[in-house]
Structures are given as C-alpha cells and as structure tokens.
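Working notes for the structure below.
Both ligands and their constituent atoms are indexed starting at 1 by order of listing. Bear in mind that the values here come from a model prediction, so they are computed numbers and not experimental data.
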Amino acid sequence: MCGIVGIVGKSGVNQALYDALTVLQHRGQDAAGIVTSHDGRLFLRKDNGLVRDVFQQRHMQRLVGNMGIGHIRYPTAGSSSSAEAQPFYVNSPYGITLAHNGNLTNVSQLAKEIYESDLRHVNTSSDSEVLLNVFAHELAVQGKLQPTEEEVFTAVAKVHERCRGGYAVVAMITGYGLVGFRDPHAIRPIVFGQRHTEQGVEYMIASESVALDVLGFSLIRDLAPGEAVYITSDGRLHTRQCAVDPKVSPCIFEHVYLARSDSFMDGVSIYKARLRMGEKLADKILRERPEHDIDVVIPIPDTSRTAALELANKLGVKFREGFVKNRYIGRTFIMPGQAARKKSVRQKLNAIDLEFRGKNVMLVDDSIVRGTTCKQIIQMAREAGARKVYFCSAAPAVRYPNVYGIDMPSAHELIAHNRSTEEVAELIGADWLVYQDLPDLIDAVAGPKVKIDSFDCAVFDGKYVTGDIDEAYLDRIERARNDASKAKTNAVSAIIDLYND
Ligand SMILES: O=P(O)(O)OC[C@H]1O[C@H](OP(=O)(O)OP(=O)(O)O)[C@H](O)[C@@H]1O
Ligand SMILES: NC(=O)CC[C@H](N)C(=O)O
Ligand SMILES: [Mg+2]
C-alpha cells in the first residue's frame, strides 16, 4: 500500500497536497513526493523519508500551480532507492506524471513489451514506472495534439487490457488535466470529491476518504472497478467505465489494518467494520470457552483498539490500556527489513505493570503477520506479572503472500504459513490463541447494509482474484523479495537514477 492524491484547484495546491499526504502517511513511510504544474511547466520534489522531512519551506515555495499530484511510498517492487520515489515522469506525450498504489503482477512481460514493441526506456526496477510508460504509450499512439477525455479513457482501457494486478492511480497530463483510475477488480482503494470555493469547484482524488474530510472536500464516491475519472485543468469532470468485465473484489486487509478507521471504503465505514470484527471475535471466544477466565482485555496500539473495545464490551470484561505507545515511532509492519521492525516494537510499546500483575489478560491485535509484534508483547506481558497471557487476532491467520500492493511476498516469513493455530500459539508463547474465522471477517466488513460480492482475501485463503498467480510466480517473488534479497537489492541500487553528480 501507498498513498496517492491529486488536486485540480482554483489556486495553488502545494499546501493542500502536503496536508493530504500527511493524512495518508499511515499508508507508507519510506518516501514522499509532490509534482505540480504551472504554465506548462512541472515542479517536482521527492525523496526518501516522511512527508514532514521531505518537504522544507524552500521546496514548498517552488511547488507552484493549481494542479498537482502526490505520493507516499511503501515499496512492493524494485528497491527503496530515492530514484523510485514517486511521482514518476515521462516527457512524451504531453509530459505525464503518475503516482501508483498497488503492484503489477505481469511487470516482467510489460517491461519487455515496453522496450521491444513500444520502444521506450525505463530507468528503474519500479513497476509504477512501467505502468506510467504503458499509459503514456497508449495515449501517444492515438496521435492527438490536444487529448480530450476520449483519448484519456481509451488509454485507460488499454492499460486494463495490458496490466494485471492491483492498481489505483493518479496521473497528471501537463496542461490538460488529472486522471484517476482503478484496476478492474477494485483491489486498491481510490475515491474522489469536491469542495466549493469563491473561485469555483475544486476536485480531489485520494486513496482514502479521510484525506478529503480533513481538507474540507466532500466525498462524491469511490471509483468503481475499472472506472476512470478525468478532471480537466479548467475543472470539468468526466467519468467512464473503461474495463470489459469489472468485478468488485477490494482488498479486505485494508479494513483489517491498512486504512485509517475514520475512512469509508466502497461504502463501508472502516471504524464500524472493526467494531464488528471485535463483536464476532467475542462470539467465537464464547463459543470456544463459555467459562473463560479472562480478567481484562488489552489492545495492542494502535490499529487493534477499535476491535478490542467492542470485544471487551461483548464479553462484559474490563477494557484497559495496558501498553503506552511512543507517538514518535511509526508503524512497525511497514518498516523495511525485519531488524528495524523487531527493534521498533520494544521502543514503541511499553507496558503499564499494574494492568497485568496477577491477571489473566486477553491481548488483542488486528492481525498477526510475521509474529514480530505479538512474540515480544506476550513476553512483555509476562514480565509485567500477568498470570496467563491469551492472545486474539481480529483477522484470520495470515498464511499466504500478498501480490497486490502489500509487502508480504514471502510465505516463509509468515508465522502461520503451514502451521496450525496451536503451533503458532506455542511459537509466540501464548496460553491460548484465537483467530477470527474468515466468514466472520467477511461478514464484519460487508456489514448489514453494503453489498460487496467478493473480497480479495488471498493472504488468508490463497485465492488470487486476478487469476494469474501460480506457484512459479510465488516462488519468483519469494526469491526476489524476501528480507535478505531486498537488503541486497537496496544495497546495489542505492543510486539508480540518471547519474547526476
Ligand atoms: O505480526 P507482525 O509482523 O508484527 O505484524 C502485525 C502487527 O503490525 C501492525 O502494527 P503496526 O505497528 O505496523 O501499526 P499500528 O500502530 O497501526 O498497529 C499490526 O497492527 C500488528 O500489530
Ligand atoms: N505499496 C504500494 O502501493 C507500492 C507501489 C509500487 N509498487 C512501489 O513499489 O512503489
Ligand atoms: Mg499494530
């Protein structure tokens, strides 16, 4: 997951883009970038780091123009090099910049086609640069000096024909407008909205509705699977379905962990979905052990709080904040490399002993992925004097890699891969471990009102909605992107941008 944003405004958009990226920071902590356009020229600033570190006042002053896009990155392809920070740029046709959330699964084939048939050069190993070149090529071959929505939507339709995987995209066509589009399975999220100003209506496209809220935009809606929105630089909005056989299968892990709880995705309140996850989990606990001896329910901050609160309510057990989080340390799971992740858990969370001493505690997390967090947390609970340490996860066991924009490429790094619940409990040192059942998670997310036919639940059930993932593919990405390989790739591609000394 990454965060994307685009704005067509009536005055300078630099501050609004910066603010939106700050709101989306939970989606990526590795790199950030903004590009704006003014009088046919582009102004770009991107680098590794958090939004607040990448943009200094001098950069902001140079990001002039009423239209722009931004990105925050959590790499799932290529390396962590600043050369792969987004937005990416191609000069032909028109000067196009692009920001992408997701991951392409046929990137090797596309890279070959781009070079051999489209005669284009890609300078990094980022799938997003490949995606940009496919889009640019499909616009270029239409040969129009001034592209209209017809050419833009035709190019998006061609992208859908050629690209596989998960992608939510914003792209800016210099001097003409902003386009947003979503893959034909709607795996990754993207919404658009508007705000009224004295100068007229401004439009914004973003990964999550919370970015619209905070900037005073009202949500128009989510993009449908395969749909594109095109907003011209003078503020005319067009939308069109560009896929032949679109199907809604959003990534359910957005609801479990990735998204902010005050966002709405495909009509579902993430907050309410998490409350329902807590409710369902309480039902399961009561089914498994109606006579349980849990004294207190304690969440593992931050993401699990909402589910834990409702779980405690439903069980009729006290809810207590047993861990204090250092607010200056980011999300552990999206850190690059296991060493950093492991070190961060202890630095980030500290136990309040009196909530543990002599008690049977039920610790709640939203998910257990590599097991980095829960192993250390359980040990901390014991050191704080807990009598028994139970653990539950608001999501089912994560057993399979993700290939659509979450960096979980290696099955062997997942603690529950090929292991039973009892085996995981033993490994993490829990006296009792409860995982949510998948049908309950789906019910919790779909909720009583919204009709979503299917979700991408691949990390839980190994079924990949795009239908192009086989063992050979999984083996390849496992080899290329396990923690050890990534460390090597990052070392050799520290500078892979055009040489510029
Ligand atoms: O099993 P693991 O590999 O440790 O991954 C799962 C943990 O990582 C995430 O927390 P994170 O610290 O990233 O963010 P949060 O503060 O939003 O909970 C998630 O909420 C779990 O706590
Ligand atoms: N997490 C993401 O969405 C990553 C986008 C893209 N695949 C990259 O690695 O930059
Ligand atoms: Mg967490």
Heavy-atom donor-acceptor pair, Asn48 side chain to Ser82 backbone, under 3.5 Å: yes
Ligand-residue contact atoms, ligand 1 with Asp365, heavy atoms, under 4.0 Å: 20 (O), 21 (C), 22 (O)
Nitrogen or oxygen atoms of Ser126 and ligand 2 under 3.5 Å apart: no
Atoms of ligand 1, numbered as shown, that sit under 4.0 Å from any heavy atom of Phe333: 5 (O), 8 (O), 9 (C), 11 (P), 13 (O)
For atom 7 (C) of ligand 1, closest protein heavy-atom neighbour: Thr373 OG1, 3.5 Å
4.0 Å heavy-atom contact, Lys325 with ligand 1: yes
Close approach of Cys374 to ligand 1, heavy atoms, under 4.0 angstrom: no
Proximal atoms of ligand 2 relative to Asn101 (non-hydrogen, under 4.0 Å): 2 (C), 3 (O)
Pro75 near ligand 2 by a heavy-atom separation under 4.0 Å: yes
Glu227 (side chain) donor-acceptor with Ala224 (main chain) under 3.5 angstrom: yes
Arg274 side chain reached by His255 side chain, heavy atoms, under 4.5 Å: no
Ring-ring centroid check Phe356 Phe323, cutoff 6.0 Å: yes
Numbered atoms and elements of ligand 2 in range of His100, under 4.0 angstrom, heavy atoms: 5 (C)
Atom 7 (N) of ligand 2 - nearest protein heavy atom and its distance: Asp127 OD1, 2.7 Å
Side chains of Ile4 and Ile69 in contact at under 4.5 Å (non-hydrogen atoms): no
Nearest-neighbour protein heavy atom for atom 3 (O) of ligand 1, which is reported as residue plus atom name and distance: Arg370 N, 2.8 Å
Protein contact of atom 4 (C) of ligand 2 - nearest heavy atom, named by residue and atom, plus distance: Cys2 SG, 3.0 Å
Ala77: numbered ligand 2 atoms lying under 4.0 Å from its heavy atoms: 9 (O)
Distance from atom 10 (O) of ligand 1 to nearest protein heavy atom, with residue and atom: Tyr257 CE1, 3.7 Å
Test item: Pro189 and Phe264 side chains (from C-beta on) under 4.5 Å apart, heavy atoms: no
Ile368 heavy atom under 4.0 Å from ligand 1: yes
Identity and separation of the nearest protein heavy atom to atom 10 (O) of ligand 2: Arg73 NE, 2.6 Å
Proximal ligand 1 atoms for Thr303, defined as those under 4.0 Å from one of its heavy atoms: 15 (P), 17 (O), 18 (O)
Side chain Asn106, main chain Gln109, donor-acceptor under 3.5 Å: no
Note, Pro409 side chain near Asn482 side chain (heavy atom, < 4.5 Å): no
Numbering as shown, the atoms of ligand 1 that approach Ser367 to under 4.0 Å (heavy-atom distance): 6 (C), 21 (C)
Side-chain (His71) to main-chain (Val5) donor-acceptor, under 3.5 angstrom: no
Within-cut-off N or O pair, Tyr74 and ligand 2, under 3.5 Å: yes
Any side-chain heavy-atom pair of Ile352 and Glu321 under 4.5 Å: no
Per-atom contacts, ligand 1 versus Thr332 - under 4.0 Å to a heavy atom: 11 (P), 12 (O), 13 (O)
Lys NZ or Arg CZ of Lys348 over Tyr328 ring: under 6.0 Å, within 45°: no
Distance-only N or O hit between ligand 2 and Gln86, under 3.5 Å: yes
Sub-3.5 Å N/O-N/O distance, Val369 and ligand 1: yes
Ligand 2 N/O within reach of Gly102 N/O, cut-off under 3.5 Å: yes
Ring-ring centroid check His160 Tyr167, cutoff 6.0 Å: yes
Option whose closest heavy atom lies nearest to atom 18 (O) of ligand 1, chosen from Leu349, Leu258, Asp302: Asp302
Part of Asp366 within contact of ligand 1 (heavy atoms, under 4.0 Å): side chain
Within-4.5 Å side-chain heavy-atom neighbours: Cys374 and Leu433: no
Donor on one side chain, acceptor on other, Gln86 and His100, under 3.5 Å: no
Aromatic ring proximity, centroids under 6.0 angstrom, Tyr257 and Phe333: yes
Atom indices of ligand 1, in the order listed, that fall short of 4.0 Å to a heavy atom of Pro301: 16 (O), 18 (O)
Region of Lys348 that comes within reach of ligand 1 [heavy atoms, distance under 4.0 Å]: side chain
Side chain proximity check, Val156 to Phe135, heavy atoms < 4.5 angstrom: yes
